[in-house]
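Remarks on the structure that follows.
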Amino acid sequence: AVCEASRVVSHLDGANVPSEPWAWLPPTLSMTADDDDADDDAIHVDDTHQRMSRVLRRCVDADDAPWRARLSALASWRAHSRSARAMSASADERLIATIGVSSRMSKHHDTVVRVWRASGPGGDAVRGAVVEYAGHERATAAACAFVNSACDAEGDVSRIASCDDDGAVHVWKCLTGERVWQFRDGASGGFTHVLVAEDASLALAGGANASVVAADITAGRVVRTFLCPRSSTSAASGDGVSALSSSPCGRVTYASNRDGYVCAFDTRAPNAERPIFDVKAHDGKISTIVAPATPSTTMSSRAFITASAD
């Protein structure tokens, strides 16, 4: 379903705070004035563990009451005959991609990626999708992400990256389904996450063996491989990358595992295989990492948010 949040309700527990809708965030997430004035591309890792500890201690005292939003459904339709495994939206919110089985008679691994207009079905492909991509064939597609910098003559995002449990990443044209390139890393144990760096130079994929692979998005070749510490490198252990994100400038890649650890890599630094930092952020599996696109009064451009099963 496509929903519109016309206005986030700006009251929490009855307190009207229209100018601070996110005031419930722990105050210690705010960076110092020195940090805000620093170069956004600069990476400082001094006392990271100490800062994280302070944040976690303050979280205990934070108001955990859920915030509420008024939503109205703009369109709703059945994207797949069974449950959709994953979805992604283009930055301009014109296109939506969903991953699911091709039909009710399909086997468990017979997954396809369908691209839709946000306004709902209306294309020429299956069930009104703009296009259906079945290029992962006998593998199970796991995640997808739009290449937001690549647009066609009408201004629509024209390319998308998708990954599967066989260790393959495909980049293809999301309006025609034509494959541009693909690469496969059999040692990864299969990919569970994929994202495209903000500057669209790299496609990043998180593997079941706790590796993060960076591929040149124009040449389709692997240029860097990082390994998350404190994780088993065996794909069978289930301790692979549980969430993946990157900073707005595209320089820092964040990855996490099921034990609550989060680490960061300098994607652009040559020969920097070790993480910038590696900290225990949660007591449970980290399911989501979000790096805000723009700084706010609460967070600088180098801050990021994690969500966990704890």
Side-chain angles (χ1 to χ4, degrees), residues 80 82-89 97-101 107-114 133-147 160-172 182-197 202-215 217 220 222 224-246 252-265 267 275 278 281-282 284-291 304-310:
H80 299 271
R82 285 184 277 176
S83 61
R85 298 176 180 274
M87 68 172 296
S88 179
T98 60
I99 297 177
V101 295
K107 295 182 179 179
H108 178 71
H109 60 257
D110 187 15
T111 54
V112 295
V113 186
R114 289 175 178 158
Y133 182 73
H136 291 279
E137 300 171 344
R138 296 180 180 179
T140 300
C144 56
F146 285 92
V147 184
I160 188 172
S162 55
C163 66
D164 62 40
D165 63 355
D166 196 36
V169 173
H170 298 192
V171 171
W172 44 282
Q182 76 172 65
F183 75 83
R184 184 177 180 276
D185 182 1
S188 68
F191 291 120
T192 55
H193 295 78
V194 67
L195 63 85
V196 177
L202 297 173
L204 302 158
N209 68 341
S211 66
V212 176
V213 175
I217 207 162
V222 176
R224 303 288 297 280
T225 299
F226 306 97
L227 189 64
C228 299
R230 305 179 189 273
S231 298
S232 171
T233 56
S234 170
S237 69
D239 199 21
V241 174
S242 64
L244 192 66
S245 185
S246 66
V252 182
T253 298
Y254 306 104
S256 62
N257 68 7
R258 67 175 182 179
D259 292 326
Y261 284 94
V262 61
C263 58
F265 301 98
T267 314
D278 163 36
H282 292 272
K285 173 184 175 181
I286 296 176
S287 58
T288 306
I289 304 174
V290 177
F304 63 97
I305 303 169
T306 58
S308 167
D310 63 5

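As the structure is a prediction and not an experimental result, all values here were calculated from the model. What's counted below: heavy atoms across the whole structure, side chains too, no hydrogens, waters or symmetry copies.
Remark: the Thr140 side chain and the Thr111 side chain contain no N/O donor-acceptor pair separated by less than 3.5 Å.
Taking OG1 from Thr253 and CG from Leu195, the interatomic distance works out to 6.5 Å, rounded to the nearest 0.5 Å.
Closest of all the heavy-atom pairs between Ala143 and Thr192 is CB-O, 3.8 Å. Considering all non-hydrogen atoms of both residues, Leu227 and Ala210 come closest at CD1-O, 3.5 Å. Of all the heavy atoms in Ala243 and Ile286, the pair that sits closest is CB-O, 3.9 Å. The two residues Ala97 and Cys144 make their nearest non-hydrogen contact at CB-SG, 3.8 Å. Considering every non-hydrogen atom in both Ala89 and Phe146, the closest pair reads C-CD1, 3.5 Å. Among all heavy-atom pairs drawn from Ile99 and Ala142, the shortest one is CD1-C, 3.8 Å.
Partners of Phe183 under the ring pair (Phe, Tyr, Trp, His ring centres under 6.0 Å) rule, at least two apart in sequence or in another chain, are Trp181. Every residue two or more places apart in sequence or in another chain that forms a side-chain contact (heavy atoms from CB on, under 4.5 Å) with Ala161 is listed here: Val171, Val194, Val196. Evaluation of the side-chain contact (heavy atoms from CB on, under 4.5 Å) rule for Ala214 yields Leu202, Leu204, Val223, Arg224 as partners, not counting sequence neighbours. With sequence neighbours excluded, the residues that form a side-chain contact (heavy atoms from CB on, under 4.5 Å) with Asp185 are Ala187, Ser188, Phe191, Val213. Applying the side-chain contact (heavy atoms from CB on, under 4.5 Å) criterion to Thr98, with sequence neighbours excluded, gives Ala79, His80, Met87, Ile96, Arg114, Trp116. For Tyr133, the ring pair (Phe, Tyr, Trp, His ring centres under 6.0 Å) criterion is met by His136, His170, Trp172, not counting sequence neighbours.
In terms of modelled atom types and a separation under 3.5 Å, the side chain of Arg82 and the main chain of Val101 share no donor-acceptor contact. With hydrogens and angles disregarded, no donor-acceptor distance shorter than 3.5 Å links the side chain of Ser256 to the backbone of Tyr261. Side-chain N or O atoms of Asp166 include none that pairs as donor or acceptor with a backbone N or O of Ala168 at under 3.5 Å.
The side-chain heavy atoms of Val241 and Asn257, taken from C-beta on, include no pair separated by under 4.5 Å. By the 4.5 Å heavy-atom criterion applied to side chains, Val212 and Leu244 are counted as neighbours. With contacts defined as side-chain heavy-atom distances shorter than 4.5 Å, the pair Val169/Gln182 does not qualify. Asp259 places none of its side-chain heavy atoms less than 4.5 Å from the side chain of Lys285. Proximity of Pro229 to Pro275: side-chain heavy atoms (C-beta onward) are separated by under 4.5 Å at one or more points. Looking at heavy atoms from C-beta onward, Ile289 lies in side-chain contact with Phe304 at the 4.5 angstrom threshold. For the pair Phe265 and Cys228, the minimum side-chain heavy-atom distance is below 4.5 Å.
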Apply the test side-chain hydrogen bond (donor to acceptor under 3.5 Å, both in side chains) to residues Thr225 and Ser211: give CA-CA distance (whole Å), side-chain angles for both, the deciding distance (0.1 Å), then the verdict.
CA-CA 7 Å; Thr225 299; Ser211 66; over 6 Å; no
